[in-house]
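What follows is a short report on a single structure.
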Amino acid sequence: MTGTQISYYFHCKRHLWLFSHSINMEHNSDTVALGKHISDTTYTRIQHEIHIPSEDGDIVIDFYDAKSKIIHEVKKSDKMEETHIWQVKHYINQLEKKGIIGVTGEIDYPKLKQKIQVELTDYDREELAQIKNEISTIIESEILPEVINKPFCKNCSYYDLCYV
Ligand code: SF4
């Protein structure tokens with residue numbers, strides 16, 4: 001389970017299914033980054049990102065400040081979205097599973113000149129487990145979810161596959 005899959009779960013279930021079945025139409029896809037082999041079991045700084053091996057799949061964090069225990073995520077988007085928050089909650093949860101307690105997150109939106117603070121509550125932990133179960137169900141299904149006919153489909157890399 002990766003932050004990217006959580007993002008696609010909120011974005012479009014069909015996109016999640018296609019991506020998770022390695023049907024990739026993006027040359028610059030996160031698949032490339034996520035597919036890098038990470039043999040080290042400790043944190044590895046690769047350029048500006050940090051790759052953390054995890055039992056649920058390696059996670060890629062923009063930056064982790066170990067001193068203040070804050071995960072920093074930078075979003076180029078000009079819109080704040082719920083999915084960004086759940087991605088960071090997922091990262092906090094993964095660090096917890098590694099015994100790193102008391103971590104919080106901060107999402108930076110340079111275009112909006114705004115920041116969001118993210119915490120993981122007990123309620124979130126349950127919600128996250130539910131989300132992950134639903135993601136597993138979607139991925140394991142042999143049935144491709146229906147197209148969603150949203151305006152943003154036109155900008156999706158799977159547009160041709162879905163509509164043409
Ligand atoms: S084109 Fe639309 S329906 Fe198809 S995967 Fe992308 S977002 Fe989903």
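Each ligand, and each atom within it, is numbered from 1 in the order the structure gives. We use all heavy atoms of the structure for the numbers below, so side chains are in, but hydrogens, waters and symmetry mates are not. Counting from 1, the numbers follow the sequence of the chain as shown.
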Exercise. From atom 6 (Fe) of ligand 1 out to just under 2.8 Å, does an N/O/S atom of Cys156 turn up?
Worked result: yes

Problem set entry | Cationic N near anionic O, under 4.0 Å, Glu96 to Arg125 | yes

Problem set entry | Lys111 bridged to Asp78 by N-O distance under 4.0 Å | no

Note the single closest protein heavy atom to [atom], along with its residue, its atom name and the distance in Å.
atom: atom 3 (S) of ligand 1; value: Ile148 N, 3.4 Å
atom: atom 8 (Fe) of ligand 1; value: Cys12 SG, 2.3 Å
atom: atom 4 (Fe) of ligand 1; value: Cys162 SG, 2.4 Å

For this session: Heavy-atom distances under 4.0 Å are what count here, so tell me which part of Cys153 touches ligand 1: side chain, backbone, both or neither.
Result: both

For this session: Sort out for me which residue in Lys75, Lys69, Lys115 forms a salt bridge (charged side-chain N to carboxylate O under 4.0 Å, His left out) with Glu106.
Result: Lys115

Problem set entry | side chain to side chain donor-acceptor pair (under 3.5 Å) evaluation trace for His84 with Tyr109 | CA-CA 11 Å; His84 301 158; Tyr109 294 89; 2.7 Å; yes

Problem set entry | For Val147, the ligand 1 atoms whose distance to one of its heavy atoms is below 4.0 Å | 3 (S)

Problem set entry | Working for side chain to side chain donor-acceptor pair (under 3.5 Å), residues Ser20 and Gln5 | CA-CA 7 Å; Ser20 302; Gln5 285 172 309; 3.0 Å; yes

